[in-house]
Amino acid sequence: MKQRSKSSSGKNIPVVSNDRRVRVVQCIRALPKGKVSSYGALAKAAGWPRAARQVARILREVPGLPWYRVVGAGGAIKCPGEYASEQRFRLQMEGVTFRGARVDMKKHEFHFSKARRVR
DNA sequence: AGGGTGACGATCA
DNA sequence: ATGATCGCCACCC
């Protein structure tokens, strides 16, 4: 369900719709096992550039998402405290390798296709 | 309306 | 590599 923007007069700014959120969620769910993406790249792929922080928020509040497959730019783990180790563990369980403290993006970064995945 | 807050990101010392 | 700063943006008082 999309939230209707207030069309009071002819011209109205498109209020922050849930469409963006939905797309972000879909992108997150599209991440294959063993692959990861960064908050920023994900936001961009979802057609919502510069929304890295919003992606993080969504990751926190929407249950059931493979949240651990989303890392910071360059493969850095950005989760606070205990979640950090859990994330690393889960990723390693999927075969994701690390280079020091960060994910080896060279091998595991997922590249979203520009084409619209209709499904 | 206004200010504080991030599971961010890029840049610079 | 590490920490400080600044730009961004939706939320929550």
Side-chain angles (χ1 to χ4, degrees):
Chain A
M1 42 301 238
K2 64 161 54 165
Q3 161 184 300
R4 203 51 283 204
S5 56
K6 44 161 57 169
S7 55
S8 46
S9 304
K11 51 175 177 188
N12 62 332
I13 309 284
V15 174
V16 187
S17 66
N18 296 331
D19 296 356
R20 298 183 195 273
R21 296 174 55 100
V22 172
R23 267 188 288 218
V24 168
V25 169
Q26 292 185 339
C27 283
I28 296 172
R29 293 179 54 182
L31 290 174
K33 200 165 170 294
K35 288 290 183 180
V36 305
S37 185
S38 68
Y39 301 91
L42 191 46
K44 190 172 178 183
W48 194 9
R50 294 186 292 298
R53 303 189 101 118
Q54 279 55 243
V55 170
R57 182 184 299 286
I58 292 171
L59 238 31
R60 268 176 302 169
E61 58 183 56
V62 180
L65 295 178
W67 59 271
Y68 52 88
R69 299 210 259 250
V70 183
V71 299
I77 299 295
K78 305 288 260 187
C79 304
E82 337 181 352
Y83 288 105
S85 55
E86 184 181 341
Q87 177 167 34
R88 178 161 181 148
F89 177 71
R90 283 174 177 277
L91 287 176
Q92 289 180 142
M93 285 294 280
E94 297 190 346
V96 173
T97 59
F98 286 68
R99 176 158 50 73
R102 30 165 130 186
V103 172
D104 188 332
M105 298 303 268
K106 206 73 171 184
K107 297 194 185 87
H108 309 290
E109 176 165 42
F110 181 71
H111 303 292
F112 291 92
S113 72
K114 209 174 197 129
R116 210 161 278 312
R117 35 212 163 298
V118 188
R119 169 152 7 87

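Reckoned from all heavy atoms, side chains included, excluding hydrogens, waters and symmetry mates. Convention: sequence-line order gives letters A, B, ...; per-chain numbering from 1.
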[X] [atom1] to [N] [atom2], straight-line distance once rounded to whole Å:
| X | N | atom1 | atom2 | answer |
| --- | --- | --- | --- | --- |
| A/Leu59 | C/dA10 | CG | P | 17 Å |
| A/Lys44 | C/dC9 | NZ | P | 14 Å |
| A/Arg57 | C/dC12 | CZ | P | 7 Å |

Side-chain heavy-atom pair A/Tyr39, A/Leu59 within 4.5 angstrom cut-off | yes

side-chain hydrogen bond (donor to acceptor under 3.5 Å, both in side chains) against A/Arg90, all qualifying residues, sequence neighbours excluded = A/Glu86

Are A/Met93 and A/Leu91 joined in one hydrophobic group, where the rule is that I, L, V, M, F, W and Y side chains link up if heavy atoms are under 4.5 Å apart?
-> no

Of all of residues 70-84 of chain A, which get a heavy atom below 4.0 angstrom from DNA chain B, listed by number?
-> A/Gly72, A/Ala73, A/Lys78, A/Cys79, A/Pro80

Base, sugar-phosphate, or nothing: which does A/Arg60 touch, judged by heavy atoms less than 4.0 Å apart?
-> base

What is the 5' to 3' range of DNA chain B, first to last nucleotide, that sits under 4.0 Å from any heavy atom of chain A?
-> B/dG6 to B/dA10

Scan the side chains in residues 71-84 of chain A for donor-acceptor partners under 3.5 Å anywhere in the protein, sequence neighbours excluded, and list what turns up.
none

Which residue pairs pass the salt bridge (Lys or Arg N to Asp or Glu O under 4.0 Å) test when at least one of the two sits in residues 50-66 of chain A, sequence neighbours left out?
-> A/Arg21-A/Glu61

To the nearest 0.5 Å, what is the distance between CE (A/Met105) and CZ (A/Phe98)?
-> 10.5 Å

Nearest 0.5 Å, what's the CG-CD1 distance between A/Leu65 and A/Ile58?
-> 9.0 Å

Could you run down the sub-3.5 Å N/O contacts of the protein with nucleotides 1-3 of chain C?
none

Shortest non-hydrogen contact from [X] toward [Y]:
| X | Y | value |
| --- | --- | --- |
| A/Lys33 | A/Arg69 | CA-NH1, 3.4 Å |
| A/Leu42 | A/Cys27 | CD1-CB, 3.3 Å |
| A/Val70 | A/Ser38 | CG1-C, 4.1 Å |

For A/Gln54 and for A/Ala41, locate the closest nucleotide of DNA chain B by heavy-atom distance; then report the residue assigned to the nucleotide nearer the 5' terminus.
-> A/Gln54

Have a look at A/Asp104 and tell me which of A/His108, A/Arg102, A/Lys107 forms a side-chain hydrogen bond (donor to acceptor under 3.5 Å, both in side chains) with it.
-> A/Lys107

By nearest-heavy-atom nucleotide on DNA chain C, the more 5' of A/Glu61 and A/Ala51 is A/Ala51

